[in-house]
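A short worksheet on the structure shown next.
None of these values were measured; they are calculated from a predicted model.
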Amino acid sequence: MPHYNYNEVAIINIVTLCNVRTPDEAKNWLLENQKYQVIMNPYPTATQNAYNISVLTEQGQLDWLKEASDFIDYKDTYKFIEELHMIHNSNGLVTLIEKEISKGNSIDYTLTDILAGLNLSGFQAYNYENYMSFKFDFVAKKINFAILPNDHNMKDYCFSFPFFRSMIANKNIIDPSKCSLCFVKIKLSDGDTIMFKLNFDNGKVIEYYDYSHNPPLRSGTIFIAGNNELSKLFVSHKIYF
């Protein structure tokens, strides 16, 4: 069984699995998914298993997350979900983001604004049944929001509810009106992509992220995801968390 130190896993709560499924169903699910099981450092508790689904196709990953949504131990997985989206500056991406913001090229929304755009009172959805779609208009400086089912259009810029919940939980964001997200369009070697800066409580918490996607492997692509800083895109780091 492979060992993993980096953050590309889902933590499955076996107790929850057994409570939701019959004993035979739970046993069959665990056997069927044993091929995705990995050893984490530190390893999950005795009632949890860690799974890496990066070997699956894009649709396969979406299907797996949807199927496993009720069994994921989100509290223990949030640290991995957030880290998957974090952007670090070793290749200058944070500098590029800040440059675009300083030029006035960002679209700025608070979490409260985003909730209003989605007609939600909070990010109550906790799983991967649906994704939040953001359609950016950088000329009008606005975002059109929608909630899409798990089989969303791969061309959309989408964010999972667990990703937003991981930011809120890990950064201890109590008041969403005090959390601003500054979205910018960044040009990479293979095209444009969206990244954003989180600014909470007037700069007391600053972080940089990308969106929920799984781009195809292209030669020469430079992308940073999680703790691993790579000279080329490593597809397994971009599962739909």
TODO: Identify, with sequence neighbours excluded, every residue that meets side-chain contact (heavy atoms from CB on, under 4.5 Å) alongside Asn202.
DONE: none
Open item on the list: Counting C-beta onward and ignoring hydrogens, is there a side-chain heavy-atom pair between Glu67 and Trp29 closer than 4.5 Å?
Closed with: yes
Open item on the list: Could you go through Asp192 and Lys187, starting from their C-alpha distance and side-chain angles, then the distance that decides it, and tell me whether this counts as salt bridge (charged side-chain N to carboxylate O under 4.0 Å, His left out)?
Closed with: CA-CA 4 Å; Asp192 296 340; Lys187 292 185 180 297; 3.4 Å; yes
Task: Derivation and outcome, side chain to side chain contact (heavy atoms under 4.5 Å, CB included), residues Leu30 and Leu17 - done: CA-CA 9 Å; Leu30 290 169; Leu17 173 63; 3.6 Å; yes
Open item on the list: Keeping Asn105 on the side-chain end and Ile101 on the backbone end, is there a donor-acceptor pair under 3.5 Å?
Closed with: no
Open item on the list: Taking the side chain as everything from C-beta on, heavy atoms only, tell me whether Leu198 gets closer than 4.5 Å to Tyr208.
Closed with: no
Open item on the list: Quick check: do Gln48 and Ile14 have side-chain heavy atoms less than 4.5 Å from each other?
Closed with: no
Task: Selection residues 163-173 - residue pairs positive for salt bridge (Lys or Arg N to Asp or Glu O under 4.0 Å), sequence neighbours left out - done: Glu82-Lys171, Lys171-Glu207
Task: side-chain hydrogen bond (donor to acceptor under 3.5 Å, both in side chains) against Glu25, all qualifying residues, sequence neighbours excluded - done: Thr22
- [ ] Not counting sequence neighbours, which residues clear side-chain hydrogen bond (donor to acceptor under 3.5 Å, both in side chains) with Ser69? List them please.
- [x] none
Task: ring-ring contact (aromatic ring centres under 6.0 Å, His included) partner of Phe136, chosen from Tyr109, Tyr157, Phe196, Phe145 - done: Tyr157
Task: Shortest non-hydrogen contact from Ile11 toward Asp76 - done: CG1-O, 4.1 Å
Open item on the list: Quick one about Tyr51 and Asn49 (side-chain donor to acceptor, distance below 3.5 Å, no hydrogens or angles considered), yes or no?
Closed with: yes
Open item on the list: With side chain to side chain donor-acceptor pair (under 3.5 Å) as the test, pick out the partner of Asp73 among Thr16, Asn13, Thr47.
Closed with: Asn13
Hey, can you pull the donor-acceptor pairs under 3.5 Å for the side chains in residues 113-122, sequence neighbours left out?
from, atom 1, to, atom 2, distance (Å)
Asp113, OD1, Thr110, OG1, 3.4
Asp113, OD2, Thr110, N, 3.0
Asp113, OD2, Thr110, OG1, 3.1
Ser121, OG, Gln124, NE2, 3.2

Open item on the list: Any non-hydrogen side-chain atom of Lys66 less than 4.5 Å from a side-chain atom of Asp63?
Closed with: no
- [ ] Could you check Arg21 against Glu32 for salt bridge (charged side-chain N to carboxylate O under 4.0 Å, His left out), going step by step and ending with a plain yes or no?
- [x] CA-CA 14 Å; Arg21 303 288 180 90; Glu32 289 171 3; over 6 Å; no
TODO: Go through the structure and list residues passing salt bridge (Lys or Arg N to Asp or Glu O under 4.0 Å) with Asp201, not counting sequence neighbours.
DONE: Lys204
Task: Side-chain touch Ile206/Phe200, heavy atoms, less than 4.5 angstrom - done: no
- [ ] Give a yes or no on whether the backbone of Gly203 and the side-chain of Asn199 come within a donor-acceptor separation of less than 3.5 Å.
- [x] yes
TODO: Taking all heavy atoms of Met167 and all of Ile173, pick out the closest pair and write down the distance.
DONE: O-CD1, 4.0 Å
Open item on the list: Taking salt bridge (Lys or Arg N to Asp or Glu O under 4.0 Å) as the cut-off, I'd like each qualifying pair that reaches into residues 86-109, sequence neighbours left out, listed once.
Closed with: Glu98-Lys197, Glu100-Lys103
TODO: Give the ring-plane orientation class for Tyr74 versus Tyr128, where under 30° counts as parallel, over 60° as perpendicular and anything between as tilted.
DONE: tilted
Task: For Ala10 against Thr77, the heavy-atom pair lying closest together - done: CA-CG2, 4.0 Å
Task: Centroid separation Phe183 to Phe138 less than 6.0 Å - done: no
Task: Those residues that, when tested against Leu96, pass side-chain contact (heavy atoms from CB on, under 4.5 Å) (two or more places apart) - done: Leu93, Ile186
Task: Note, Met195 side chain near Ile87 side chain (heavy atom, < 4.5 Å) - done: yes
Task: Qualifying residues under side-chain hydrogen bond (donor to acceptor under 3.5 Å, both in side chains), relative to Thr95, sequence neighbours excluded - done: Asn89
Open item on the list: Do Phe123 and Leu111 have side chains that approach each other closer than 4.5 Å (heavy atoms only, starting at C-beta)?
Closed with: yes
- [ ] Considering non-hydrogen atoms only, spot the tightest contact between Tyr78 and Pro162 and give its length.
- [x] CE2-O, 3.7 Å
Task: For Ala46, side-chain contact (heavy atoms from CB on, under 4.5 Å) partners two or more places apart - done: none
Open item on the list: Applying a strict under-4.5 Å side-chain criterion to I, L, V, M, F, W and Y, I'd like to know whether Ile12 and Val15 cluster together.
Closed with: no
Task: Partners meeting side-chain hydrogen bond (donor to acceptor under 3.5 Å, both in side chains) with Asn127 (sequence neighbours left out) - done: none
TODO: Step through it carefully: locate the ring centre of Phe161, locate the ring centre of Tyr131, and say whether they are under 6.0 Å apart.
DONE: no
Open item on the list: The criterion is side-chain contact (heavy atoms from CB on, under 4.5 Å); which residues satisfy it with Asp175, sequence neighbours excluded?
Closed with: Ser177, Lys178
Task: Minimum heavy-atom distance between Leu148 and Cys158, given as atom pair plus value - done: CD1-SG, 4.4 Å
Task: Flag for Asp70-Tyr126: side-chain donor and acceptor within less than 3.5 Å - done: yes
